[in-house]
Chemist: 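Before I ask anything, here is the structure I am working with.
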Amino acid sequence: MSDRTDHKGKSIEPELPPAYEPQAVEDRIYRSWEESGLFDPDNLPGQRREPFVIMMPPPNATGTLHIGHAMFLTLEDLMVRYHRLRGKAALWLPGTDHAAIATNTKVEKLLDREGKTKYDLGRAGFIARVEDFIRKSQGTIHKQIRKMGSSCDWSREAYTLDEVRSRTVREMFRRMYDDGLIYRGTRIVNWCPRCESTLADDEVEYREERGTLYYLRYGPFIVATTRPETKLGDTAVAVHPDDGRYRDRIGQVFQVDFGIGPQDIRVIGDPAVDRAFGSGVVGLTPAHSAVDFEMAEKNLLPLKKVIGEDGRMTALAGKYAGLAVEEARRRFVEDLKSRELLQKTEELDHNVSVCYRCGTPVEPLTSRQWFVNVDQEIPGRGKSLKRLALEAVRDGSIRILPERFEKVYFHWMENLRDWCISRQIWFGHRIPVWYCQSCHVDEETEGRAGAAGRVMASREGIVVSAGEAPLKCPTCGRDEDIGDLVQDPDTLDTWFSSSTWTFSTLGWPEETEDLKRFHPTQVLETGYDILFFWIARMILMTTYATGQVPFETVYLHGLVRDEQGRKMSKSLENIIDPIDVSEKYGTDAVRLSLIIGNTPGNDLRLSEEKIAHFRNFTNKLWNVSRYILMTVGEVRRPSGRPEPQTLADRWILARLDEVKRDSTEDIESYSFSRAGERLRDFTWNELADWYLEVSKVEGGKERLLEYVLYELLKLWHPFMPFVTEEIHRRAFAEGEGDFLMVASWGDPAPVAPESDVGDFDMVRDIITAIRNLRATYRVDVGREIDVTVHADRQIGLVKRHAEVIRRLAKVAVLTVAEGGDRPSGAASSVVRGIRVHVPLGDIIDIEQERSRIMTEIRKTEDYLTALEKKLGNRAFIERAPSEVVEAERRKREAARDRLDKLQEQLTVLD
RNA sequence: GGGCGUGUAGCUCAGUUGGUUAGAGCGUUACGUUGACAUCGUAAAGGUCAGUGGUUCGACUCCACUCACGCCCACCA
């Protein structure tokens, strides 16, 4: 205590206000963190070799923060802050996503309100408009990320469409093209007529609708269909090869005429056909159905595209050409009826595929697009992209939490088809391919790898934004100046660029220091809803590009739902805005409400009441600190572990150690909720409710209180960065730049002797028993009562804590004796072999007391009977481990003892 | 059609390799303004762990089936 004199006291600070006021603290604290530069791992104190890296899943650049963002920011910040405290080079790299389709659609809607279309502005004008829109709305999300307390390194911030990331994308495209993994070809794609663009398979959703099943007289067959107009594009019918009705016709060709001239139809056999559905004959439309397309490839059937990208019938649809699909269907059905080709119709429920962005029904059609071939063997690697991505998870290089999603991942990856990466929207990474107009490009060979001279994928060049081009055609020597080189008008699927996120953010393909130091990353934390969109593709692209996995662990969180388990939506008016509630209850309270009760892969129910509860808790921690600060006077950062003086001291240190050990383990194993619950229980139920109360009696605990508070603040900091940092600043900080954020977590302490915990529990139980008796007999809180405790073995312990018991249970005179008669007119209770008597005189109701004790006796008897039965079972004695048998014996002895004492009380009651 | 998950106190959920008299918070009830905190305190009531069967000395925990709810994938023309 002598060194207290040279301590710069904290008494300069005004006393802590009685309630924590987050509004007065948070922005200031965040600013001071940011100004300190400590979010940047290069500025962290000490030698930090071991990295801990998380790449922030980039929110849409034009978006606003919703509760889902708040959740991932909280979970990621928790991990990053924890590992920073553990002395690692913690890097959390933030960024935003250009979200090609989403942003494109948003701006189109804005234009629509002005009565314009993108065509009015032209491509360059439209993109300028999009960029303008992004510039204007980009600030919001940044501010909101800060509001949540996110300790991310803004100096390394990335954007999926900035220069560095554009370079990454071009380089990727070029390498994959050279390796034959990217090709241009005519295949069936999902086409959204509203977006006027292709969609990837997983960008298609299904909606159940009631529809009509039309039965058509179809040459010699009856064919059922929900899309009669597509029958104009049929080139075959399929039947089950074992179907007796049609088996003999397989291989034949016949003609049908739906009013646009004869169509040649071949009969093929395919076991996929369901004999029981409809007529058992399927009309095949290879150009407008993925399944039919595959059958057509197998059977070399011709394609006949009758629906175009504009959602209208093509010239091949004869007199229906130019009609919108619905109109064509209506007229076609009319015509069928009048020609008596429509046998009947049926109503049925079926799934309609729709665009996940705009909900418009998707039109499957064949189109010439760019694809990533996932099955092609990679030169020099001997494996396909699919194989690489499967192996990374299968061999444990990547672990997915919760584990069950690994199965989902495998299933999806195994069934993955070629990935269509070209999009017909204007905003995004333009496909880095030029076509030479002077060379005669052959439809058949164009787009094939090695067809250089006709198609050039470019990687070189500095100017990326404007669309840097090859200088001249390597085949004919023409250059762009004379307009012979034309860039592909399409852009890339937005997931193509986001799938490079873990390494593009570090500067790839440059061999940067960051890349060497921080890749692969440790954790990728995101929602399970983008497992396929994003995670799977990151694994695919990263293993290909870098030969490393993108991350070691995938932590998948669930959805935030309302208190009734419903999704939050505008129409239900059940949206909780994270910024609003952070301002109302404090960010720390919001964070806790998103951590506690949240387990990987499971949805979380959230309500304002829950947030309010954690606001109460932050205030509790504040007041615990406030009390300690007031008691200690001049607080000083503990230099080491203080010497315990009393049982309570040993108990709180033992409990603190245990909680620290367990919660550390919880965080390491991603059980954040459990860690938080443990800390809350300790803080509230042990430290505040017991140790602080005991300290008021025993006194002289300055060093202990300081130590426990300091350790506790560190443990809480990853969960509640603001309130802990503020308390630290007012209590322990040695100067302005001294942050709890970079304190040292410290090693786990050795396990303390169990007796300290057990002995203190006994004192606690005695106090609780007295309080219990007081409550039973409605003894006024203000009234002090006399209590007699009869203890035998533990008499010393009880005597040593007489004062604590007296004060905490509001006892006037506490008599402790080894044994003796029960005082007359006393209410009694037995805890851990100790008899507690509270003489209440005439208050006591003998009958009530008797029945109360009888109930206790009955309970104990039942318990004892169960134990005796168990111990009387030979099989149990023989087969159960001896320590289990021993434990049961001890329990039996304790129960017998308790029963004896209870019965004794009953006999002396009269 | 295939796969996955959930079902524990009125509500929201813990319960880690099988051994607890099955826990917490909220809510409810009773009492309470003790100088850290009413954003608080003390205490109480409340559960045949969805059901059935099995494995085991022993099942909330493991297995099978059933029921209920939820999700994902595929997609029947």
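Proteins come first, then strands; the chains are lettered A, B, ... in the order of their sequence lines, and each starts at number 1. Only a predicted model underlies this, so the values are computations on that prediction, with no experimental measurement involved.
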Chemist: Among B:A77, B:U12, B:C75, which is the nearest nucleotide to the side chain of A:T226?
Modeler: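 So the nucleotide nearest the side chain must be B:A77.
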Chemist: Is there a side-chain polar atom (N or O) of A:K620 under 4.0 Å from OP1 or OP2 of B:G41?
Modeler: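 Answer yes for this pair, as a side-chain N or O of A:K620 is under 4.0 Å from OP1 or OP2.
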Chemist: Within this structure, what is the CG-to-P distance between A:N873 and B:G19, rounded to whole angstrom?
Modeler: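 Interatomic distance, CG of A:N873 to P of B:G19: 18 Å.
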Chemist: Can you say whether the rings of A:F221 and A:Y246 are parallel (under 30°), tilted (30 to 60°) or perpendicular (over 60°)?
Modeler: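 Geometry flag for A:Y246 against A:F221: perpendicular rings.
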Chemist: Would you check, one step at a time, whether the test salt bridge (charged side-chain N to carboxylate O under 4.0 Å, His left out) holds for A:R661 with A:E665?
Modeler: CA-CA 6 Å; A:R661 224 175 19 247; A:E665 214 178 285; over 6 Å; no
Chemist: Tell me whether the side-chain N or O atoms of A:R674 pair up with the base of B:U16 as donor and acceptor below 3.5 Å, since no angle test is needed here.
Modeler: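 Indeed, a donor on one side and an acceptor on the other fall under 3.5 Å apart.
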Chemist: To the side chain of A:R615, which of B:U39, B:A77, B:A43 is closest?
Modeler: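 Closest nucleotide to the A:R615 side chain: B:U39.
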Chemist: Rounded to the nearest 0.5 Å, what separates atom CZ in A:R329 from atom OH in A:Y214?
Modeler: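 It is 6.5 Å, given to the nearest 0.5 Å.
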Chemist: Give the rounded distance in Å between these two atoms: CG of A:L867 and P of B:G19.
Modeler: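 Whole-Å distance recorded here is 16 Å.
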Chemist: How far does the P atom of B:U61 sit from the matching atom of B:G51, given to the nearest Å?
Modeler: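 Rounded to whole Å, the distance is 10 Å.
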Chemist: Could you measure between the two P atoms, the one in B:A64 and the one in B:A30, and give it in whole Å?
Modeler: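 Rounded to whole Å, the distance is 49 Å.
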Chemist: Using the side-chain heavy atoms of A:R626, tell me which of these nucleotides is nearest: B:A77, B:U20, B:C37.
Modeler: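 The answer is B:C37.
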Chemist: Classify the ring geometry between A:H613 and A:W684 as parallel (under 30°), tilted (30 to 60°) or perpendicular (over 60°).
Modeler: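 Geometry flag for A:W684 against A:H613: parallel rings.
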Chemist: Quick check on RNA chain B: between A:K407 and A:W690, whose nearest nucleotide comes earlier from the 5' end?
Modeler: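 Closest to the 5' end, via its nearest nucleotide, is A:K407.
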Chemist: Using the P atoms only, state how far B:G46 lies from B:A22, rounded to an integer number of Å.
Modeler: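 My reading of the P atoms in B:A22 and B:G46 gives 13 Å.
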Chemist: Counting just side-chain N and O atoms, does A:N616 come under 4.0 Å of either OP1 or OP2 of B:C40?
Modeler: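 A:N616 to B:C40 OP1/OP2: side-chain N or O found under 4.0 Å.
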Chemist: If I compare all heavy atoms of A:G283 with all of A:V237, which pair ends up nearest, and what's the gap?
Modeler: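 Residues A:G283 and A:V237, closest heavy atoms: CA-CG1, 4.0 Å.
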Chemist: Among B:A24, B:C37, B:U39, find the nucleotide with the atom closest to the side chain of A:R680.
Modeler: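 For A:R680, the side-chain atoms sit closest to B:A24.
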Chemist: Considering heavy-atom distances to RNA chain B, does A:A19 or A:R778 have its closest nucleotide positioned more toward the 5' end?
Modeler: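 Result: A:R778.
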Chemist: Please give, in whole Å, the distance from B:A38 P to A:H613 NE2?
Modeler: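 One finds 16 Å between P of B:A38 and NE2 of A:H613, rounded.
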Chemist: We want to know whether A:S673 and A:E677 form a side-chain donor-acceptor pair, criterion being a heavy-atom distance below 3.5 angstrom.
Modeler: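 Yes, a side-chain donor-acceptor pair sits under 3.5 Å.
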Chemist: CD of A:E21 versus P of B:U39: gap in Å, rounded?
Modeler: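 Roughly 14 Å, once rounded to whole Å.
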Chemist: Answer yes or no: does a side-chain N or O of A:K891 lie under 4.0 Å from OP1 or OP2 of B:G19?
Modeler: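 The answer is no; no side-chain N or O of A:K891 sits under 4.0 Å from OP1 or OP2.
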Chemist: Any sub-3.5 Å donor-acceptor pair from A:R806's side-chain atoms to A:V811's backbone N or O?
Modeler: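 Confirmed, A:R806 side chain pairs with A:V811 backbone.
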Chemist: When you measure from the side chain of A:R771, which nucleotide among B:U39, B:U42, B:A24 comes out closest?
Modeler: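 Among B:U39, B:U42, B:A24, the one nearest the side chain of A:R771 is B:U42.
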Chemist: When the P atoms of B:U66 and B:C72 are considered, how many whole Å apart are they?
Modeler: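 Looking at atom P only, B:U66 and B:C72 are 24 Å apart.
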Chemist: Go through the N and O atoms of the side chain of A:K231 and the base of B:A77, and report whether any donor-acceptor pair is under 3.5 Å.
Modeler: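 Counting by modelled atom types and ignoring angles, no donor-acceptor contact under 3.5 Å is found here.
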Chemist: Return the nearest nucleotide to the side chain of A:K696; candidates are B:G19, B:C73, B:A36.
Modeler: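 The listed nucleotide nearest to A:K696's side chain is B:A36.
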Chemist: Can you tell me if the side-chain N/O atoms of A:Y206 get under 4.0 Å from OP1 or OP2 in B:A74?
Modeler: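 No, because none of the side-chain N or O atoms of A:Y206 sits under 4.0 Å from OP1 or OP2 of B:A74.
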Chemist: Please tell me which of the listed nucleotides, B:C76, B:A14, B:A36, lies nearest to the side chain of A:D274?
Modeler: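 Nearest to the side-chain atoms of A:D274, counting from C-beta on, is B:C76.
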Chemist: At less than 4.0 Å, is any side-chain N or O atom of A:N772 found next to OP1 or OP2 of B:A44? Yes or no.
Modeler: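 The answer is yes; a side-chain N or O of A:N772 sits under 4.0 Å from OP1 or OP2.
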Chemist: Indicate the ring-plane relationship of A:F532 and A:W412, choosing parallel, tilted or perpendicular according to the 30° and 60° boundaries.
Modeler: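 Ring orientation, 0 to 90° scale: parallel.
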Chemist: Looking at the side chain of A:L348, which of B:U42, B:C75, B:A77 is the nearest nucleotide?
Modeler: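 Nearest nucleotide to the side chain: B:A77.
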Chemist: For the residue pair A:E608 / A:Y585, report whether a side-chain donor-acceptor contact shorter than 3.5 Å exists.
Modeler: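 Yes, side-chain donor-acceptor contact under 3.5 Å.
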Chemist: Does A:K870 have a side-chain nitrogen or oxygen under 4.0 Å from the phosphate oxygens OP1 or OP2 of B:U20?
Modeler: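 So the side-chain polar atoms of A:K870 do come within 4.0 Å of the phosphate oxygens OP1 or OP2 of B:U20, strictly under.
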Chemist: Sticking with atom C1', work out how far B:A38 lies from B:G32, rounded to a whole angstrom.
Modeler: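 After rounding to an integer number of Å, I get 11 Å for this pair.
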Chemist: Using atom P of each nucleotide, how far apart are B:U16 and B:U28 to the nearest Å?
Modeler: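 The same atom, P, in both gives a distance of 31 Å.
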Chemist: Check this one for me: any side-chain N or O of A:R404 less than 4.0 Å away from OP1 or OP2 of B:G5?
Modeler: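 Negative; the distance criterion is not met.
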Chemist: Could you tell me how far apart A:E563 (CD) and B:C13 (P) are, to the nearest whole angstrom?
Modeler: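 One finds 12 Å between P of B:C13 and CD of A:E563, rounded.
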Chemist: Return the nearest nucleotide to the side chain of A:V291; candidates are B:A36, B:G19, B:C76.
Modeler: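 Between B:A36, B:G19, B:C76, the one nearest the side chain of A:V291 would be B:C76.
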Chemist: Whole angstrom is fine here: how far is it from CG in A:N598 over to P in B:A14?
Modeler: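 Spelled out: CG on A:N598 to P on B:A14 is 10 Å.
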Chemist: I'd like to know if A:N351 reaches the base of B:C75 with its side chain such that a donor and an acceptor end up less than 3.5 angstrom apart.
Modeler: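 Side chain to base: pair found, below 3.5 Å.
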Chemist: Please give the distance between the P atoms of B:G7 and B:C63 as a whole number of Å.
Modeler: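 Taking atom P in both B:G7 and B:C63, they lie 14 Å apart.
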Chemist: Above 12 or not: heavy atoms from other molecules or residues under 6.0 Å from NZ of A:K696?
Modeler: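 Atom NZ in A:K696 is packed in, count exceeds 12.
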Chemist: What stems involve RNA chain B, if each pair must be Watson-Crick or G-U and both of its distances must be under 3.5 Å, with 3 or more such pairs in a row?
Modeler: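 Looking at RNA chain B, the stems formed by three or more consecutive pairs are B:1-7 with B:67-73, B:10-13 with B:23-26, B:28-32 with B:40-44, B:50-54 with B:62-66.
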Chemist: Could you tell me how far B:C26 sits from B:C76 if I compare only their C1' atoms? Round to whole Å.
Modeler: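 B:C76 and B:C26 have their C1' atoms separated by 49 Å.
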Chemist: Which whole-number value in Å describes the distance from A:D681 CG to B:G15 C1'?
Modeler: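 Interatomic distance, CG of A:D681 to C1' of B:G15: 13 Å.
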Chemist: Hey, is the side chain of A:H350 poking within less than 4.0 Å of OP1 or OP2 on B:A77, counting only N and O atoms?
Modeler: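 For A:H350, the contact criterion (side-chain N or O under 4.0 Å from OP1 or OP2 of B:A77) is met.
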Chemist: Which of these passes side-chain contact (heavy atoms from CB on, under 4.5 Å) with A:L864: A:K891, A:R896, A:K859?
Modeler: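 So the option named by the test is A:R896.
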Chemist: Of all the nucleotides listed (B:A36, B:C72, B:A77), which has the minimum atom distance to the side chain of A:T225?
Modeler: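 Ranking B:A36, B:C72, B:A77 by closest atom to the A:T225 side chain puts B:A77 first.
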Chemist: Using OP1 and OP2 only, check whether a side-chain N or O of A:W684 sits under 4.0 Å from B:G41.
Modeler: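 Looking at the OP1 and OP2 atoms of B:G41, one of them is under 4.0 Å from a side-chain N or O of A:W684.
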Chemist: Starting at OH of A:Y863 and ending at P of B:U21, how long is that distance when rounded to a whole Å?
Modeler: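 For the pair A:Y863 OH and B:U21 P, the rounded distance is 4 Å.
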